[in-house]
Protein chains: 2
Amino acid sequence: MKSPTLHDVARSAGVSYSTADRVLNGRGGVAEKSAQRVQRAIEELGYRRDIHAANLSRRRNYRFLFLLPRGDHGFFTTLREALLHETVRRLVDRLVITHYDVPAFDAEALAAELSRINPEDYDCVALIGVDSNILDAAIGRLVGKGLPVITLVSDSATDLRQSYIGIDNVIAGRTAGRLMLLTHKTRTGRILPILGTMGVRDHRERLQGATEVISAPGSGLEILPPIEVQDRPEIMLDRVSEILKSDPAITGIYSIGGGNRGLVDLLSRIERNRPVVVLHELTPTSRAALKCGMIDAVIDQKPAEEISRAIDAMRAIADDLPAPDSRVVPTIYLADNLPDPNANGGWT
Amino acid sequence: MKSPTLHDVARSAGVSYSTADRVLNGRGGVAEKSAQRVQRAIEELGYRRDIHAANLSRRRNYRFLFLLPRGDHGFFTTLREALLHETVRRLVDRLVITHYDVPAFDAEALAAELSRINPEDYDCVALIGVDSNILDAAIGRLVGKGLPVITLVSDSATDLRQSYIGIDNVIAGRTAGRLMLLTHKTRTGRILPILGTMGVRDHRERLQGATEVISAPGSGLEILPPIEVQDRPEIMLDRVSEILKSDPAITGIYSIGGGNRGLVDLLSRIERNRPVVVLHELTPTSRAALKCGMIDAVIDQKPAEEISRAIDAMRAIADDLPAPDSRVVPTIYLADNLPDPNANGGWT
DNA sequence: CCAGTTTTGACATACGTCTGTCAAAACTGA
DNA sequence: TCAGTTTTGACAGACGTATGTCAAAACTGG
C-alpha cells in the first residue's frame with residue numbers, strides 16, 4: 001500500500017540514510033560496493049523518490065518563459081489565453097510561467113529577445129520557430145549557456161532545441177486534401193490553394209501535403225497554382241474574388257494561412273454553388289463561418305493542448321527526464337463538433 | 001516571487017499559526033473576529049495552501065476505483081490500456097488507481113459489484129453507465145454511504161453521480177450526419193444507419209443526431225430505417241450484404257455501434273461504387289480500414305483523454321473542489337490524421 | 001470579582017526529502 | 001604500524017502543512 005521511502009532503501013541495503021542519499025543524488029564519496037547495494041535495493045523495493053517532498057525540501061520552483069508573437073491574430077490570441085489559463089492552473093505544481101510578447105514573424109527581434117535573457121532566470125524557454133539562421137544561432141547560444149529551449153507550433157533549430165511540440169504540417173495539408181476528396185466523391189473539381197507566402201515553411205508543407213492527396217492518380221481533382229495573400233484579409237478578398245470570377249469552375253478552396261476574414265466576407269456574397277472551403281485554426285471568425293455553413297471544415301492544431309504539452313515537456317526537461325517530441329494530431333471541426341467556446345478549446 | 005505560507009498569513013492577521021490553521025481547516029473554537037482577520041489576510045496575501053506539502057503531512061493517498069467492462073471489444077481494450085498508462089503516470093501524484101473488470105452491458109452484475117464495495121476503501125468510483133434502475137439504485141446506495149461516483153463514456157443516474165465524462169452522443173451523431181452531407185455535396189443519396197440495438201440510449205442518441213442533420217430540408221438525402229446487428233460482426237455481415245443487395249442505391253452507411261469487423265469484411269468484397277462509410281471508435285480494425293480506403297471517416301471519443309479527465313474529475317471531487325461535467329468533443333479521423341498507435345491515442 | 005467557559009498561543013511531532021557538518025571507522029600505501 | 005585518505009553514519013535543521021496537547025489569557029454571566 002505505502003510506497004517505500006529512502007529510509008527503507010537504506011535499511012534494506014544495510015547502509016545509512018546518508019549513504020543512500022549520496023548515491024541517489026550522485027554526491028560522490030561512496031564506495032562502489034555500497035553504491036551497488038543501494039542501487040539494488042532501489043530496484044528491489046521499486047523505490048521512487050517522492051518528487052513533491054523533494055521539491056518542497058529543495059524549495060524548487062520551475063521557471064519557464066514563453067515568447068509569444070504579439071498581436072491579435074486570432075490564433076495567437078487563443079494561444080495566449082491558453083497559456084494564461086495554464087499559468088494559474090499549474091501554479092499549484094510550483095510552475096512559475098512568464099511570457100513576453102515579441103513581434104510576430106520577426107526572426108531578428110526574437111533572436112534579440114533571446115540574447116537578452118539571463119540563463120540563470122529560467123529553467124526552460126519555449127518559442128515559436130521561424131526559418132532563420134539568426135534565430136538558430138541565438139537558440140544555440142542560449143542552449144550553450146545551459147538554458148534549454150523548445151519550439152512550439154513551428155519548429156526551428158531542430159538539432160539544438162530539446163523538443164518540438166506541434167503538428168506535422170504535411171499531415172495537416174494531407175488532411176485538408178482528404179476533405180477535398182471526400183467532398184468530391186463522385187465529381188471532378190478544381191481546388192484553389194491560398195497561402196500567406198511561399199516563404200513560410202509551414203505553409204509550403206501544408207501545400208505539399210494537400211497536393212500529394214489531391215493530385216493522386218484517379219482523384220479526378222486538379223490543384224491550381226497557389227496564390228499568396230500575405231495573411232491579409234483585404235488582399236485575400238481582392239485576389240480571390242478576382243480569381244473566382246475568371247475561373248468559375250473552382251469547386252474547392254483550401255486556405256492554408258491567415259486572413260480568412262476576407263475570405264469569409266467574400267463567401268457571404270456568393271449565394272449559390274459556393275465552393276467547398278477548408279481552412280485552418282478555430283477562431284471566432286472561422287467558428288461563426290462554420291456554424292452558418294459558409295465554410296465546410298476547419299483544421300485545428302488545438303493550441304490549448306499544445307501549450308499544455310509544451311509545459312509538460314519543459315517540466316520533464318527541467319527534471320532531467322527524457323522529453324520526446326510530441327506531435328499533435330490536427331483535428332477536424334465541422335459545424336457540429338465544435339468545442340464549447342468557454343471551455344479553453346475543449347481542454348482542461 | 002515566493003508565495004506566502006500559512007505562517008505569513010498568521011503573522012499578517014496578528015494571530016498565531018494555530019489559530020490560522022484552525023480557521024483554514026475549519027476546526028472551530030475560533031472567535032468570529034479572529035476568523036475574519038484570518039480570512040482577510042488570506043485574501044490580501046493571495047494565500048493558497050501548498051497542496052503537496054499538505055498531502056505529505058496528511059499522508060493522503062487518493063484511492064480511485066474504475067469498473068471497466070470485461071472483454072476484448074476494441075474500444076474497451078483501448079480504454080483499459082489508457083487507464084493502465086495513467087495508473088503509473090499518476091502514481092507520482094499519490095493517485096492509487098485500481099480497476100476491476102465487470103461483465104459488459106450487464107447492469108445487474110455491475111450493480112452487484114457496486115454493492116460489494118466497501119466505501120471506506122476508496123475516495124471515488126468511476127463506471128460506465130447503463131440504462132437500468134437497478135444500477136441507479138446501487139449508485140444511490142454508494143453515494144449515500146459517502147462514496148462519490150462518476151460516470152464515464154455513457155451516463156447513468158444523472159442526479160446521483162457527481163460528474164459525467166464523455167461525449168454528447170447526439171453531437172457525435174450529428175457529426176456523422178454532417179460527414180454524409182459533405183460527401184454528398186452535389187448529389188442525392190440514401191443513408192443506411194446500423195446500430196447494436198435501439199435498447200441502448202447512446203445508440204438512439206447517435207441515430208437521432210444523424211437523422212437531424214441528414215434529413216434537414218434540402219439535403220437531398222434520405223435516411224433509411226436503422227437495422228440492428230447486436231454489435232456482432234457475423235450479423236453485421238449478413239444483414240448488411242442482404243440489404244445492399246436489395247437496395248443498390250444506398251450511398252452511405254453509418255455504423256453507430258460495434259461489430260465493424262463484419263462491415264469491413266463486406267466492404268472489402270465490393271470493388272466499385274463503395275458507399276461512403278462512417279463509423280465509431282478508432283480500433284485496429286477501423287484504423288486499417290481507414291488507411292486502405294475501405295471506409296471514409298471514424299468518429300472517435302478519445303478514450304485516453306476521457307480517462308485522463310475522469311481522473312482529474314475524481315481528484316477534484318476528492319479534494320472537495322467543484323468537478324464540472326466534462327463534455328469531450330468527438331473527433332474525426334480520416335486516413336491522414338491518425339494518431340501514432342504507440343502514443344496512447346496521441347495523448348500524454 | 002469569581003468561577004466557568006471560550007479562545008488563544010506555544011510547543012512537539014510528523015510527512016519524505018535535501019543538505020551540511022563532524023567525527024568515527026575503514027581503508028590505503030609505504 | 002603510522003599517517004593520510006576515503007568512506008561512513010549520526011545528527012540537525014529546513015521545506016509547508018497537519019494535528020494533538022496543554023496551559024495561559026481573554027472573555028462571560030451572575
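Protein chains get the first letters and strands the later ones, always in sequence-line order, with residue 1 at the start of each.
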How long is the line joining [atom1] of [X] and [atom2] of [N], in whole Å?
X       : N      : atom1 : atom2 : answer
A:Asp50 : C:dC15 : CG    : P     : 13 Å
A:Asp21 : D:dA12 : CG    : P     : 17 Å
A:Arg27 : C:dT19 : CZ    : C1'   : 6 Å
A:Leu24 : C:dT17 : CG    : P     : 8 Å

Under 3.5 Å: donor-acceptor pair, side chain of B:Asn61, backbone of B:Arg63: no
Aromatic plane relationship, A:Tyr100 with A:Tyr122 - under 30° parallel, 30 to 60° tilted, over 60° perpendicular: perpendicular
Assess the side chains of [X] and [Y]: does a donor N or O sit below 3.5 Å from an acceptor N or O?
X        : Y        : answer
B:Ser308 : B:Arg90  : yes
B:Glu43  : B:Gln39  : no
A:Thr331 : B:Thr331 : yes

Closest nucleotide among [options] to the [X] side chain:
X       : options                : answer
A:Ala53 : C:dC18, C:dT17, D:dG16 : C:dT17
A:Arg58 : C:dT19, D:dA14, C:dG16 : C:dT19
A:Arg59 : D:dT17, C:dC18, D:dC15 : D:dC15
B:Leu56 : C:dC15, D:dT17, D:dT19 : C:dC15
B:Ala54 : C:dC15, C:dC18, D:dA18 : D:dA18

B:Arg49 side chain near D:dT17 phosphate (N/O to OP1/OP2, under 4.0 Å): no
For nucleotides 7-9 of chain C, print each protein N/O atom paired with a nucleotide N/O atom at under 3.5 Å, atom names and distance only.
residue : atom : partner : partner atom : Å
C:dT8   : OP1  : B:Ser34 : OG           : 2.1
C:dT8   : OP2  : B:Ala31 : N            : 2.8
C:dG9   : OP2  : B:Ser16 : N            : 2.8
C:dG9   : OP2  : B:Ser16 : OG           : 3.1
C:dG9   : OP2  : B:Thr19 : OG1          : 2.8
C:dG9   : N7   : B:Arg22 : NH2          : 2.6

side-chain contact (heavy atoms from CB on, under 4.5 Å) partner of B:Phe66, chosen from B:Val125, B:Leu127, B:Ile307, B:Thr98: B:Ile307
SB check B:Asp155 B:Arg161 (cutoff 4.0 Å): yes
Pair A:Arg40 + A:Glu44, salt bridge at N-O below 4.0 Å: yes
Sugar-phosphate, base or nothing in reach of A:Asn55, heavy atoms under 4.0 Å: nothing
Sugar-phosphate, base or nothing in reach of A:His52, heavy atoms under 4.0 Å: nothing
Neighbours of DNA chain C within residues 36-43 of chain B, by heavy-atom distance under 4.0 Å: none
Working for side chain to side chain donor-acceptor pair (under 3.5 Å), residues A:Asp319 and A:Tyr62: CA-CA 9 Å; A:Asp319 278 339; A:Tyr62 300 88; 2.8 Å; yes
